[in-house]
Amino acid sequence: MRPLTDEETKTMFEKLSKYIGENIRLLIDRPDGTYCFRLHNDRVYYMSERILKLATNISRDKLVSVGTCFGKFTKTQKFRLHITALDFLAPYAKFKVWVKPGSEQSFLYGNHIMKSGLGRITENTAQYQGVVVYSMADVPLGFGVAAKTTQECRMVDPMSIVVFHQADIGEYIRSEDTLT
Amino acid sequence: MGRKLDPTVKVKRGPGRKARKQKGAETELSKFLLLPIERAARKQKKQTSKKPGSDDDEDEDEEEEDDDDEEDEKDDLKEDEEEEEDTVQANFDETETFKLPAAADRAKEGLLQMDLQTIHQRIRDNVDVLSHFSEKREEGKERSEYLSLLRSDLCTYYSYNEFLISKLMDIFPVSELIDFLEANEIQRPVTIRTNTLKTRRRDLAQALINRGVNLDPLGKWSKVGLVIYDSSVPIGATPEYLSGQYMLQGASSFLPVMALSPQEGESVLDMSAAPGGKTTYMAQLMRNTGMIVANDANADRLKSVVGNIHRLGVTNAVICNYDGRQFPKVMGGFDRVLLDAPCSGTGVISKDPGVKTGKDEADVLRSAHLQKELILSAIDSVNADSPTGGYLVYCTCSIMVEENEWVVDYALKKRNVKLVPTGLDFGKEGFIRFKERRFHPSLKLSRRFYPHSQNMDGFFVAKLKKLSNTIPTQQKPASTPEKSNMGKKQKLKPEKSETPIITKKAGVKSENKKSDGPKKAKIAKLDGETSKKSAKPNKKQKVKELNGDSTKEVVIEKKKGSQFEKNNKTKNKNLLKKNKNRMGKNKFKKLKNMVGQ
């Protein structure tokens with residue numbers, strides 16, 4: 001387990017800021033202690049300092065996971081955000097999309113969201129802006145990328161895609177193995 | 001041999017076994033409870049027609065039988081029932097007929113397809129006789145013969161192997177045994193646990209009801225459990241499940257965590273964590289504070305732990321893949337430890353029917369051995385001086401005494417721990433004695449749960465409190481270097497706990513030993529701190545004498561305490577020590593004589 005290098009930190013924060021903007025500060029300085037990111041086996045883990053101390057006792061090959069996994073770095077050093085980070089992104093999300101109950105299941109299966117399934121969307125969403133997807137009951141379902149701006153969403157036909165799927169909570173069942 | 005010899009003969013069949021079971025006990029009993037007039041009619045018929053095998057005389061339900069060899073059987077059973085119903089009449093016919101299956105017929109049975117209904121009835125009759133043995137027994141027939149017949153019938157009827165049935169017959173009285181076996185045939189109800197980190201039970205119940213799930217709170221012993229009766233949506237795939245608002249977990253798995261009750265801010269170890277239900281429950285009780293180490297030896301099953309931890313929003317967990325026995329070395333000093341030891345699984349037969357035939361003596365002993373090693377490692381990982389904790393909960397999903405009480409008793413002997421109440425006010429108390437074994441009386445505080453009485457998987461929970469961080473050895477203080485951690489702490493405690501045991505055996509030397517208590521402590525201090533070997537000059541004489549005493553006592557103890565381990569090791573070490581602090585042969589003999597008288 002090692003701290004992230006500058007490069008890696010930059011890449012990761014860029015990705016995160018697509019969804020939560022400058023609120024990244026809030027992830028590091030929390031009222032209940034300092035939290036940090038560490039890299040282990042190409043995955044980025046978010047943990048408090050207390051857990052960090054504890055985890056250093058465990059040898060590298062035996063350590064499986066610490067705190068929360070945010071995502072992983074691919075072979076070409078791109079950062080891919082995992083669904084496991086949802087709990088931390090959702091409260092700070094700047095742009096949100098609400099999905100109608102009928103299309104909830106479709107999104108949870110990994111499909112993109114179409115205009116017909118769109119319930120609400122925050123104003124002034126830019127195109128290709130990272131968004132967090134909620135159900136109508138305000139339960140976070142995952143995140144994605146807006147395919148159209150809010151204005152355009154109003155105008156397009158019901159069958160066109162408005163949000164590209166990136167990660168959803170259905171992955172906990174569909175691809176449990178890839179979480180580790 | 002086919003059941004129906006002549007397919008054109010249409011025999012009217014009643015409801016099958018499953019249907020009757022579902023209807024309930026009344027329908028089964030109705031076979032035995034006849035109206036008086038029917039009873040009289042039967043008797044009359046029997047008296048008139050002596051020839052066995054006539055269909056009229058049989059019970060209405062017994063219709064599919066092989067004619068040939070079963071006739072004797074049927075007659076026997078019929079007569080059994082009648083005898084039991086007519087309690088006025090003496091029962092000398094009954095067991096004679098009951099016994100017939102013994103020699104030749106039982107061999108035949110092995111080859112024949114015995115009708116399950118017949119076997120079932122025979123089981124019931126047998127159980128009835130055994131429950132009222134003095135009244136219903138046959139002259140000259142031993143209880144063991146009835147039991148062996150029952151054993152083989154149970155094996156056939158419920159598809160168990162001999163070993164397991166024998167073990168179960170040891171644990172349960174015969175009538176309860178039937179209940180247990182029946183309960184293992186059906187599934188326990190599906191239960192879920194609300195994740196209080198994300199939602200409340202009330203809100204979750206409401207949301208699930210809206211989806212079309214029929215549920216109820218689990219019981220007054222749990223504030224987070226819900227039992228699912230039926231559901232129109234798959235319970236393991238609702239958006240509520242995926243967002244981590246609840247977890248599918250057996251009711252019995254709530255119990256060890258409730259017993260352990262980790263507090264906020266503590267450090268907890270879960271030695272055998274997969275698939276993560278108990279770990280996440282602990283995290284929710286701790287409100288994501290403190291830290292949890294979730295360990296499991298199986299890397300594949302760890303993936304489910306990772307998945308569950310992330311899904312339920314647990315942030316204070318570290319997951320690792322060690323063999324549990326390595327534990328105090330990797331990390332120690334936890335406030336609380338939970339050990340859900342791998343076991344033979346005899347409590348969860350309803351989930352895995354393969355256990356019925358797959359387990360035998362070697363499996364159970366192997367599990368027991370592993371569990372003993374694990375429990376010692378677990379105890380060593382607890383910090384006895386923890387301000388809020390110092391507890392270990394040992395649990396298994398097995399009902400075998402070898403894996404439960406025996407292991408805890410072993411731990412009590414080997415370490416400075418004691419049993420404390422689990423805090424669970426229901427369930428059966430653990431065994432204090434079992435067959436030829438006797439366990440420590442505090443085993444009463446452990447709890448057993450059964451599928452037929454508590455309607456949850458078979459389970460055993462024991463809560464231990466660690467009294468001190470020192471590890472007692474059976475030999476006297478002049479020994480093992482692992483006791484180097486014994487430098488400062490109370491040595492009196494471990495030694496006193498042993499001297500009473502030894503004094504019972506060493507009749508002659510008892511007084512000496514008792515008076516030597518404090519002296520032994522001194523010896524312990526002197527010998528234990530191997531680096532500080534230099535005895536003080538003004539105490540040299542005393543030391544020598546004491547050492548002479550101690551070595552002697554060591555020898556005596558070695559002989560007496562033969563069931564204690566590490567004889568060889570400590571012998572060598574004792575010899576070494578002896579050499580270091582030798583006194584002359586004559587002096588030694590003198591002392592020996594003095595002390596001997």
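Just so it is clear, the structure is predicted and the values come from calculations on it, not from any experiment. Heavy atoms only: backbone and side chains are in, while hydrogens, waters and symmetry mates are out.
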Undergrad: Give, as side chain, backbone, both or neither, the part of B:S304 having an atom under 4.5 angstrom from any heavy atom of chain A.
TA: both
Undergrad: Considering residues, nucleotides and ligands other than A:R60, do more than 12 of their heavy atoms fall under 6.0 Å from its CZ?
TA: no
Undergrad: How far does CE of B:M291 sit from CG of A:L52, to the nearest 0.5 angstrom?
TA: 10.5 Å
Undergrad: Heavy-atom distances under 4.5 Å only: say whether A:L54 touches chain B with side chain, backbone, both or neither.
TA: both
Undergrad: With chain A, which of B:V318, B:V330, B:V293 has the greatest number of heavy-atom pairs at distances under 4.5 Å?
TA: B:V318
Undergrad: If we define contacts as heavy-atom pairs under 4.5 Å, which of A:D87, A:D61, A:V66 has the most with chain B?
TA: A:D87
Undergrad: Under a 4.5 Å heavy-atom cut-off, does chain A meet the side chain of B:A294, its backbone, both or neither?
TA: neither
Undergrad: Below 4.5 Å from any heavy atom of chain B, which atoms of A:S48 appear? Answer side chain, backbone, both or neither.
TA: neither
Undergrad: Would you say that more than 12 heavy atoms from the other residues, nucleotides or ligands in this model lie under 6.0 Å from the CG of A:D6, or not?
TA: no
Undergrad: In terms of heavy-atom contacts, does NZ of A:K100 have more than 12 from other residues, nucleotides or ligands at under 6.0 Å?
TA: yes
Undergrad: At a heavy-atom distance under 4.5 Å, which candidate from A:R50, A:E171, A:E176, A:H82 has the highest pair count against chain B?
TA: A:R50
Undergrad: Between A:D177 and chain B, which part of the residue has a heavy atom less than 4.5 Å away: side chain, backbone, both or neither?
TA: both
Undergrad: Side chain from CB out, backbone as N, CA, C, O: work out which of these in A:F88 comes under 4.5 Å of a heavy atom of chain B, or both, or neither.
TA: side chain
Undergrad: Hey, is NZ on A:K72 packed in by over 12 heavy atoms from elsewhere, all under 6.0 Å?
TA: no
Undergrad: Can you name the closest pair of heavy atoms from B:G290 and A:I51 and give their distance?
TA: O-CD1, 4.0 Å
Undergrad: To the nearest 0.5 Å, how far apart are CG in B:N308 and OH in A:Y172?
TA: 10.0 Å
Undergrad: What's the spacing between B:I309 CD1 and A:C69 SG if we round to 0.5 Å?
TA: 12.5 Å
Undergrad: Heavy atoms only, distances under 4.5 angstrom: which of B:N295, B:T315, B:L302, B:V305 has the most pairs with chain A? Name it, please.
TA: B:T315
Undergrad: Does any backbone or side-chain atom of A:E104 lie under 4.5 Å from a heavy atom of chain B? Answer side chain, backbone, both or neither.
TA: side chain
Undergrad: Taking everything shown except A:Q77 itself, do over 12 heavy atoms lie less than 6.0 Å from its CD?
TA: yes
Undergrad: Using every non-hydrogen atom in the two residues, find where A:I169 and B:S243 come nearest and quote the distance to one decimal.
TA: CD1-N, 3.7 Å
Undergrad: Identify the heavy atoms of B:H310 and A:S65 that sit nearest to each other, and give their distance.
TA: CE1-OG, 3.8 Å
Undergrad: Rounded to the nearest 0.5 Å, what's the gap from CG on B:L242 to CG on A:D168? Could you check?
TA: 8.0 Å
Undergrad: Are there over 12 heavy-atom neighbours, none belonging to A:R30, within less than 6.0 Å of that residue's CZ?
TA: yes
Undergrad: Passes side chain to side chain contact (heavy atoms under 4.5 Å, CB included), A:I58 versus B:Y322? Steps please.
TA: CA-CA 9 Å; A:I58 300 177; B:Y322 282 103; 3.5 Å; yes
Undergrad: Is it the backbone or the side chain of B:Q245 that comes under 4.5 Å from a heavy atom of chain A, or both, or neither?
TA: side chain
Undergrad: Which bit of A:S59 comes within less than 4.5 Å of chain B, counting heavy atoms only: side chain, backbone, both or neither?
TA: both
